[in-house]
Amino acid sequence: MSALAQNPIIKGIYSADPTARVFDGKLYVYPSHDIISPVEPERKWFCMADYHVYTTADMCKYQDLGVILDQKDVPWGNPESYSMWAPDCIEKDGKYYFFFPANVKDGRGFGVGVAVADKPEGPFVAREKNIEGISGIDPCVIKGYDGKYYIYWGGGGLMCAQIKDDFSALDESVPSQEVKFGDRTFTRVGVDVAASLPEGFKEGPFAFTRNGKYYLTYPWVRGKAGDPGPDGKPLDNHTETLAYAMSDSPYGPFEFKGLIMKESPTGCWTNHHSIVEYKGQWYLFYHHNDYSPEFDKNRSVCCDSLFFNADGTIREVIPTRRGVGITKATAQIHIDRYTSIEGAAIDYIDVSTPFEGWKTIFANNGDKVTYNSVDFGKGVKKLTFGIIKSNGAKLSVYADGKKIAAIDMVPSEVRLEQTVKMTAKISGIHHISVELESGDAEIDWISFK
Ligand code: FUB
């Protein structure tokens with residue numbers, strides 16, 4: 001299964017909780033893998049049996065390197081719990097350490113384990129035991145400025161603890177405390193790094209270092225139903241935002257800084273993310289439920305660029321359909337993954353099979369979509385439209401405002417491809433627009449030759 005730069009970046013299967021890492025100049029994405037429960041299909045909850053890893057060199061084409069770990073291959077985990085939630089992976093001294101949560105075989109709840117490989121794509125071999133002291137989900141591991149390793153996790157708080165260099169156990173220095181939960185008392189290991197943060201932390205911590213600072217980023221539910229939102233109107237969409245805090249120390253105290261991303265536009269209750277620098281640009285990987293509009297536990301990984309202000313604070317990321325990267329003019333360009341839109345509408349090609357993707361519906365003269373960063377290379381001669389249906393529409397195609405092609409579509413109620421000659425020369429990288437002159441049409445993709 002491959003993936004393209006447009007969002008969602010992983011197509012054909014569901015994916016969530018992406019941790020992106022750069023190893024040896026290549027970017028790898030370690031997501032969790034949502035499925036519909038094979039044992040209780042009607043059970044509407046998270047269901048994950050294994051992990052895949054994806055890689056890309058250009059942020060445009062992602063390659064699925066296959067399954068790297070299955071729940072059956074975790075000695076300490078319940079092999080039938082479908083609880084392979086959000087993972088992380090780091091490299092140390094030429095070995096790759098994959099951290100993952102799963103339901104424990106003996107006892108209750110989640111533990112966090114480590115699987116080790118010689119290559120980023122595995123094969124990973126899970127260690128016999130999970131990490132003692134961690135009862136929770138969503139591990140994230142960083143190397144601090146002091147050269148020590150720290151693990152963050154969620155579930156019953158947002159905890160951090162120094163971890164030994166071989167990642168076999170927490171460091172002896174890690175504090176613990178007795179905590180009351182209802183009528184039970186249990187030992188909580190680590191430092192509660194959410195102590196200085198506004199209420200609403202949920203899960204999925206992702207920490208990183210930059211310019212001498214520690215960033216703690218995390219899914220955060222702001223307010224309660226009916227509370228006023230930023231514009232004063234009641235904020236009813238109380239799903240997870242992505243928020244962040246900064247500190248001079250891995251253990252905090254962290255100072256709350258604000259939002260990285262607002263609540264999901266598709267109503268997905270969870271969001272879960274990672275932030276990575278690759279070839280001089282920072283990126284936010286996150287998930288929404290684009291391929292599963294009715295069930296938000298079948299999610300899909302997306303990626304957009306992320307920018308810092310001069311003072312180190314993070315600018316809010318607006319989720320896009322276009323995603324990142326430069327699209328080759330000769331690829332099938334799905335203009336429904338637009339950069340901007342005026343009048344035209346986007347819908348599933350077939351809502352009963354969302355993995356088929358979307359179509360752009362041009363219905364009124366002047367309807368227009370713009371798709372940024374298309375690479376025409378040394379030039380193209382022809383343009384093909386993947387048409388879903390048309391009543392004989394006329395459309396024009398522009399590159400940075402200059403008209404480069406036009407089509408007079410053959411009326412058709414069934415899919416067809418129609419090719420026209422370019423009316424102007426074009427080479428290099430441009431933003432393209434497709435605009436309706438008359439009639440109406442539904443378009444799947446366009447592609448230049
Ligand atoms: O994917 C299962 C859980 O949903 C993750 O562990 C959380 O962070 C949330 O995304």
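Just so we're clear, the structure is a prediction, and the values are computed from it rather than from any experiment. One-based numbering, in listed order, for ligands and for the atoms of each.
Residue pairs meeting the salt bridge (Lys or Arg N to Asp or Glu O under 4.0 Å) criterion with at least one member in residues 176-191, sequence neighbours excluded: R188-D192.
Residues that satisfy the ring pair (Phe, Tyr, Trp, His ring centres under 6.0 Å) test with F167, not counting sequence neighbours, are Y97, F99, Y149. Annotation: ring pair (Phe, Tyr, Trp, His ring centres under 6.0 Å) contacts of F206 (sequence neighbours excluded): none.
Protein residues with a heavy atom under 4.0 Å from ligand 1 are D17, F46, M48, W85, A86, D138, E203, T270, H272, H287, R299.
Two rings, from F448 and F376, have their centers less than 6.0 Å apart.
Residue E132 places its CD atom among 12 or fewer non-hydrogen atoms of other residues, nucleotides or ligands, all under 6.0 Å distant.
Of the options W220, Y215, Y244, a ring-ring contact (aromatic ring centres under 6.0 Å, His included) to F256 is made by W220 and by none of the others.
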